[in-house]
Protein chains: 2
Amino acid sequence: MPSSPRRATLATVAASAGVSVATVSKVLNGRSDVSPATRSLVQSLLQQHDYVAPAPRREPPGLATVELQFDADLNAYSTEIIQGAVAAGAEAGIGIVVSIRSGTARTTAWARQLVAAGRRALIAVTGELTSGQPAALARARLPLVLIDPLNLPRTRVTSIGSTNFAGGLSATQHLLSLGHRRIAYIGGPPAAACNQARLHGYRAAMEAEGAPVLPGYVRSGHFRYHDGMASGAAVLDLPHAPTAIFAGCDEVAVGVMEAARARGLRIPEDLSIVGFDDTQIAQLTSPPLTTVRQPLREMGGVALRTALRLAAGEKVDSHHVELATELVVRGSTAPVPDRG
Amino acid sequence: MPSSPRRATLATVAASAGVSVATVSKVLNGRSDVSPATRSLVQSLLQQHDYVAPAPRREPPGLATVELQFDADLNAYSTEIIQGAVAAGAEAGIGIVVSIRSGTARTTAWARQLVAAGRRALIAVTGELTSGQPAALARARLPLVLIDPLNLPRTRVTSIGSTNFAGGLSATQHLLSLGHRRIAYIGGPPAAACNQARLHGYRAAMEAEGAPVLPGYVRSGHFRYHDGMASGAAVLDLPHAPTAIFAGCDEVAVGVMEAARARGLRIPEDLSIVGFDDTQIAQLTSPPLTTVRQPLREMGGVALRTALRLAAGEKVDSHHVELATELVVRGSTAPVPDRG
DNA sequence: CGGTCATGTCGAAAATGTTTCGATGAGCTG
DNA sequence: CAGCTCATCGAAACATTTTCGACATGACCG
């Protein structure tokens, strides 16, 4: 059949099917008043004629969305990221779709579905990527931005983080400057890049000061309250217990606080604690938590803007951006007690 | 202006603007061959006539979305709601777009924009509605579900809450059963329906037990840490200070805890505290907070499913649904100290 | 058996919105 | 002033959806 110069319309299909235009329209819209026989006839002819919906109507102004995906249940950290992304999205007229990663079946199909649903980009927070996923997303033309990725795959992906090394350094220096020498580090997953950087910052500060990292002083686990409590208990029960603990995140710090209280230790008189993140809970503890502020809202905002630039086809300046951390001194740190 | 029985069409607007249908169509589609004067004239008339795009065409294949709007910065409470809505959305194949309410300019235009962007419904959390807003949303055919609304407008809107009265009752009864008689209530905004219900539950329990509500024992403010600390301080400095405090939410409870600690009071030995919500922070305090669990995740999920039913044109069983609250006893409450 | 009624299919015509293309007139140029 | 260009606008053609009535069919009833 000679390809007609003009695109097929309902009229074309209707004529070749021997039905009215209205009937073809009904088939397209899944109306009920079409007999199954007619329906399937029309459908096959629609395919034969390569019928495609006409004029993609008015592109609605606010349709664009970006998917913000978390790896696990939301917590205080997630909340700050969401807040930042939502605020930046509002400025750009972009909606933020929050999702929680579940058993990822087929990445390729999933990515295509997201694109079809209008997502302009995907921001994955603290996620673990298999090596094939960036490729699948690229095939679907879905830009990817990572926030605090657990692992960095070999392929070039864009990621946002903060100066974890500097943060770990300054937290530890703060404790050292208060006279502490026996300082422990209770961190997160050993494989996580951000955890490693914080740990190295801690080690660097200790080494520079000539303070020894005693055996059992470096712990890992998850960035969760219960891990903090368990690791805190273990460290405090050491024969040479520390006088200060640097926790890998605020939630862990709160767990450490609880372990300390259970042992009758006063904070900060008997034990100093520094957290990391400066989420809302850092201000709710008693005493308020000294912590390394990670600009989580800004990170959410930067991730969104970066994602939009990628979606617009622009090049980004750098594959990895780190925002500055900052030590926030509150009430959970004090000079080392007289008798260590 | 009398609402016409039929929806406004391009022809309606064109007639009232004194231009052709084609011109109005061009304005809608942002074509260039319309003079600025005509364009703005038509645009204002489009608004006046509440023109909404007709037949939502064959729906795009992708996932539909529902807007989840918060009234202020996100906190632990918001996080639970988001989590519940996202989980329920994943099951239904619906994306959750989180947004934070900002200076709402023109509700009507905003609602239309949401519809155009593919939102199936709007869930507003703890928001304050002006009386015109439900009408504007209805005109745009955007179903509305409220979670814990501050005020209920006269018009019928669908809302989700929890049994605040029963929660206030059981929290207070718990304290009474521990022997407390001097119990204060530190709540949220006086006008908020949920706050009033909790307060009345408190009063009912006190009255049933014959325990007097002493002067100054009922405080209001916002549901925030600092309000809790300020009101807690005020109550604890009364000549007849309470032996127990029922706080209107967990964050306020944490503020009260801090005020108590600043006065050298031990919790729970010297002062019992009960919170409300059972957000994540209730488990992070020291001691862990006794609180009234509000099923926030379930509320988020129910709100989403209700919104989807409304969007599908189904009737909902009831305009207001309340999920059950439940007292969760942890470590912040204890029998009244020997010498009241 | 004939009449009536409900139901399922279908299309003509009306409605709605978009696009094309020619008409109009203002402003500019020579 | 003739002639040209260009922005603006609407009539008409188009594409699609919706409404409503027509028709056939079969069930049910007297």
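By convention in this document, chain letters (A, B, ...) are assigned in the order of the sequence lines, proteins followed by strands, and residues within each chain are numbered from 1.
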Describe the nucleic acid contact of B:V24 in one word from base, sugar-phosphate, nothing, applying a heavy-atom distance below 4.0 Å.
nothing
Nearest-angstrom distance from the residue atom CZ of B:R31 to P of D:dA7
16 Å
OP1 or OP2 of C:dC10 versus the side-chain N and O atoms of A:T38: is any pair under 4.0 Å?
yes
Any side-chain N or O of B:Y51 less than 4.0 Å from the OP1 or OP2 oxygen of C:dG17?
yes
Tell me: CG of B:L10 to P of D:dC9, nearest whole Å?
16 Å
Indicate whether any N or O donor in one side chain lies under 3.5 Å from an N or O acceptor in the other, for B:S162 and B:T325.
no
Examine distances only and state if a side-chain atom of B:T23 and a backbone atom of B:V19 form a donor-acceptor pair shorter than 3.5 Å.
no
Looking only at the side chain of A:P36 (C-beta and beyond, no hydrogens), which of the listed nucleotides C:dT9, D:dC9, D:dT16 gets closest?
C:dT9
Nearest-angstrom distance from the residue atom CZ of A:R39 to P of C:dG8
13 Å
Return yes if some donor-acceptor pair links the side-chain N/O of B:T306 with the main-chain N/O of B:V302 below 3.5 Å, else return no.
yes
Please produce a list of atom pairs where a protein N or O lies less than 3.5 Å from an N or O of nucleotides 10-12 of chain D.
{"residue": "D:dG10", "atom": "OP2", "partner": "B:S20", "partner atom": "N", "Å": "3.0"}
{"residue": "D:dG10", "atom": "OP2", "partner": "B:S20", "partner atom": "OG", "Å": "3.3"}
{"residue": "D:dG10", "atom": "OP2", "partner": "B:T23", "partner atom": "OG1", "Å": "2.5"}
{"residue": "D:dG10", "atom": "N7", "partner": "B:K26", "partner atom": "NZ", "Å": "3.4"}
{"residue": "D:dG10", "atom": "O6", "partner": "B:K26", "partner atom": "NZ", "Å": "2.6"}

Tell me whether the side-chain N/O atoms of B:N29 come closer than 4.0 Å to OP1 or OP2 in C:dG17.
no
State whether B:R297 and A:D73 are salt-bridged, where the test is any N-O pair (Lys NZ or Arg NE/NH1/NH2 against Asp/Glu carboxylate O) under 4.0 Å.
yes
OP1 or OP2 of C:dA15 versus the side-chain N and O atoms of B:T9: is any pair under 4.0 Å?
no
Distance alone, cut at 3.5 Å: any donor-acceptor contact between the side chains of A:Q280 and A:T79?
no
May I ask you to check whether A:Q47 and A:H49 show a side-chain donor-acceptor distance below 3.5 Å?
no
